[in-house]
Amino acid sequence: MTIDEKLQHFMDVTTEKVNAENAKQMQEYEQGLEKVYEDYKETALRKSELALKLKEESLKKQMNADLAAEQILIREQTGKLLRELDEKLSSEVKGKLERYMATSAYETYLVNQAREIVKFADGDDVTIYIDPEDICHKNAISAGANVAVTVSEYSFGGGVRAVISKRGILIDQSFDTKLKEAFDGKEASLRWKTR
């Protein structure tokens, strides 16, 4: 082998070795870049999933807050409408009651109530009270029920009240009490239905 051949052989072996090392380094570099890329991709995916989850939670919270605010508004509007209806109904009932109290049927009603109370008292002393507005019916009630009638110091909207002292009984057939019971019952019913 001549020097040129030896030199050529050395160069070929060296070039082959350098090329093999370069190829190996290039492969390791590509693998490293691939790993960095996969790590970056995984981190970016986790960040985007977390951001999406946080945004969903934020939207749910906002939606719940909006829903709660809307429910409060609806309850307030419903309450306002119920109060307006209650006032209107109360006004209409009181108007009808006033018209009824101006009829002869009202006097008959008072006499019948007094008779029922006397019957219930079953011989015990009873004090029957009428509203101060009904003083004009006092004699008719006394005569019709065959009992003394007392005009109350306090107005109770019509009807009668009675006391049977011996038995400790108060009979309240006043219109104020009946209206209060009717409207309190209606309000409780409406409150139950709106829940």
*Sidechain-backbone polar pair: R161 side chain, L170 backbone, donor-acceptor under 3.5 Å*: no
*asked:* If hydrophobic clusters are built from ILVMFWY residues whose side chains come within less than 4.5 Å, do Y129 and M101 share one?
replied: no
*Locate the shortest heavy-atom distance separating A121 from V126; write the atom from each residue and the value.*
CB-CB, 4.1 Å
*Taking a hydrophobic cluster as the set of Ile, Leu, Val, Met, Phe, Trp and Tyr residues connected by side-chain heavy atoms closer than 4.5 Å, whether directly or through intermediates, do V111 and L97 fall within one such cluster?*
yes
*Enter the distance from E49:CD to K53:NZ here, rounded to the nearest 0.5 Å.*
10.0 Å
_The test is salt bridge (charged side-chain N to carboxylate O under 4.0 Å, His left out); show your working for K180 and D176 and say whether it passes._
CA-CA 6 Å; K180 184 177 184 323; D176 280 352; over 6 Å; no
*Taking only residues two or more places apart in sequence, or in another chain, which ones meet T14 in a side chain to side chain contact (heavy atoms under 4.5 Å, CB included)?*
F10, V18
*Cluster overlap I141 with V147, hydrophobic side-chain contacts below 4.5 Å*: yes
*How close do K94 and L179 get, heavy atom to heavy atom, and via which atoms?*
CG-CD1, 4.3 Å
*K24 and E21: salt bridge (charged side-chain N to carboxylate O under 4.0 Å, His left out), yes or no, with the steps?*
CA-CA 5 Å; K24 184 179 175 188; E21 285 179 12; over 6 Å; no
_Rounded distance (nearest 0.5 Å) linking atom CG of L89 with atom CD of E84_ = 13.5 Å
*Flag yes if more than 12 heavy atoms outside Q71 fall under 6.0 Å of its CD atom; otherwise flag no.*
yes
*Which ILVMFWY residues can you reach from I3 by hopping between side chains whose heavy atoms are under 4.5 Å apart?*
none
*List the atom of A145, the atom of A114, and the distance in Å for their closest heavy-atom pair.*
CB-CB, 3.5 Å
*Just by modelled atom types, is the D131 backbone N or O under 3.5 Å from a matching donor or acceptor in the Y154 side chain?*
no
_Side-chain donor or acceptor of T177 paired with backbone N/O of Q173 under 3.5 Å_ = no
*Do the side chains of I135 and F156 join up, straight or via other hydrophobic residues, at under 4.5 Å, putting them in one cluster?*
no
_Residue pair Y109 / K178: nearest heavy atoms and the distance that separates them_ = OH-NZ, 3.8 Å
*First locate atom CE of M63, then atom CD of E56, and finally report the distance between them rounded to the nearest 0.5 Å.*
11.0 Å
*Minimal non-hydrogen separation, V149 against S142, with atom names*: CG2-OG, 3.4 Å
*Hey, is the main chain of L54 close enough, under 3.5 Å, to the side chain of S58 for a donor-acceptor pair?*
no
